[in-house]
There are 2 protein chains.
Amino acid sequence: MKLDRRIDIKLTPQRLAILECLVGNTSHPSASDIYKSVFEKFPTMSFATVYNTLETLKEKGVVVELSIDPDKKRFDPNTIPHHHLLCLRCKIIKDIFEKFSLVLSESEEYNFDIIGNHVDFYGICPQCKGVESNKHK
Amino acid sequence: MKLDRRIDIKLTPQRLAILECLVGNTSHPSASDIYKSVFEKFPTMSFATVYNTLETLKEKGVVVELSIDPDKKRFDPNTIPHHHLLCLRCKIIKDIFEKFSLVLSESEEYNFDIIGNHVDFYGICPQCKGVESNKHK
DNA sequence: ATGTGTGCAAACGCTTTGCAATTTG
DNA sequence: CAAATTGCAAAGCGTTTGCACACAT
């Protein structure tokens, strides 16, 4: 999250609380996670504000929206390009900083203007391996 | 979609209609897309049946669920490992058959049992480039 | 008869929206 | 003060669920 450079938005208390929740947060929280976390110290916080703020931060390039979790959007305050590893059971997401060479042949570009790419790895995390209660579903 | 091998499920008319909709379908349809398409020829089709059938087909390895589209799950009857290219405006998805070397260093595996990976490319498709009505949002 | 699949409608979770009241620069 | 932001509640959309009915072996 680029907090060192000036982000040109009005800094309301609500936004500051959301930013504070995001700085250094490597849990890839959903909007709901953020709402719950911020609500504790800020009981008037509303979902609308969380979603509005996330949208603004996305536009400013301060956070990135992930679609690795099929159930909901999750947000990453780390804007350094990197990839992710998802546990299919508990949905924890780990960061992957390995660099891959992902060059498309011209025929596979389909004349798109390619903006970016993202590698998702899927697996089972050490905590979920062997935990009987997680084996079904 | 592996229709050449026997898939061990009861082939009801509803399931056949859904399979027929999926065979050779490269549009990566959502459940709703499939429902709409099948409903035309099968007016008693219900959402429940579409979702139930997709779940069954997923378990049998006949279709793959994609999470590249942040708005909804989409389904791919092509089970040959491949990657995808999404247009951020119209959400069309193209298949990418390029092979990439995606080896994780041990430290980046976080002790996960890694099951698979998927490369998502993002961009703007030729149809959406320069279409004024798509430029905002 | 037993188990499996279907269809409907309700419910659910995540996300968006409209709008009046408030706050910010 | 003008413009932007907030909070609330309702609505929207994709998805899941419970249950009665139908079907197949």
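Per chain, numbering begins at 1; letters A, B, ... match sequence-line order. Atom set for the values below is all heavy atoms of this structure, side chains included, hydrogens, waters and symmetry mates excluded. Model, not experiment: these values are computed from the prediction.
Ion pair A/Lys73/B/Asp71 flagged as a salt bridge, since at least one NZ, NE, NH1 or NH2 atom sits closer than 4.0 Å to an Asp/Glu carboxylate oxygen.
Using a 4.5 Å heavy-atom threshold, the side chains of A/Leu57 and A/Ile9 count as touching. Annotation: side chain of A/Ile68 is not in contact with side chain of B/His118 (no heavy-atom distance under 4.5 Å).
When heavy atoms are screened at a 4.0 angstrom cut-off, B/Pro13 is found touching no nucleic acid atom at all.
Residue A/Tyr51 places at least one side-chain N or O closer than 4.0 Å to OP1 or OP2 of C/dT15. Considering only side-chain N and O atoms, B/Gln14 lies under 4.0 angstrom from the phosphate OP1 or OP2 of C/dG7. Within the structure, a side-chain polar atom (N or O) of B/Thr44 is placed less than 4.0 Å from OP1 or OP2 of C/dG7.
The cluster map of Ile, Leu, Val, Met, Phe, Trp and Tyr, joined by side-chain heavy atoms under 4.5 Å apart, puts A/Leu66 and B/Val119 in different clusters.
The interatomic distance linking B/Arg74 (CZ) with D/dG14 (C1') rounds to 14 Å, in whole Å. We find that CD of B/Glu55 is positioned 19 Å from P of D/dG14, with the value rounded to whole Å. Across the protein-nucleic acid pair, B/Leu66 atom CG and D/dG14 atom C1' stand 16 Å apart, rounded to whole Å. For A/Leu11 and D/dA3, the CG to P distance is 21 Å, given to the nearest whole Å. The CZ atom of A/Phe47 sits 8 Å away from the P atom of C/dC14 (whole-angstrom rounding). For B/Leu54 and D/dT15, the CG to P distance is 10 Å, given to the nearest whole Å. Spacing between atom CD1 of B/Ile9 and atom P of D/dT25 amounts to 14 Å, rounded to whole angstrom units. Computed from coordinates, the B/Phe39 CZ to C/dG7 P distance equals 11 Å when rounded to whole Å.
For A/Ala48, counting side-chain heavy atoms from C-beta on, the closest listed nucleotide (D/dC8, C/dG7, D/dA3) is D/dC8. Set against D/dT5, C/dC14, C/dT6, the side chain of B/Asn52 has C/dT6 as its closest nucleotide. Distances from the side chain of B/Thr49 to the nucleotides C/dG7, D/dT16, C/dT15 place C/dG7 closest. Distances were taken from every side-chain heavy atom of B/Thr12 (C-beta onward) to each of D/dG7, C/dG5, C/dT24; the shortest belongs to C/dG5. Considering only side-chain atoms of A/Arg15, the nucleotide from C/dG7, D/dG14, D/dT5 that sits closest is D/dT5. The B/Lys73 side chain lies nearest to D/dT16 when the options are D/dG14, D/dT6, D/dT16.
For B/Lys10 and B/Ser30, each mapped to the nucleotide of DNA chain D holding its nearest heavy atom, the one lying further toward the 5' end belongs to B/Ser30.
Under 3.5 Å, the side chains of B/Glu98 and A/Ser105 contain a donor-acceptor pair of N or O atoms.
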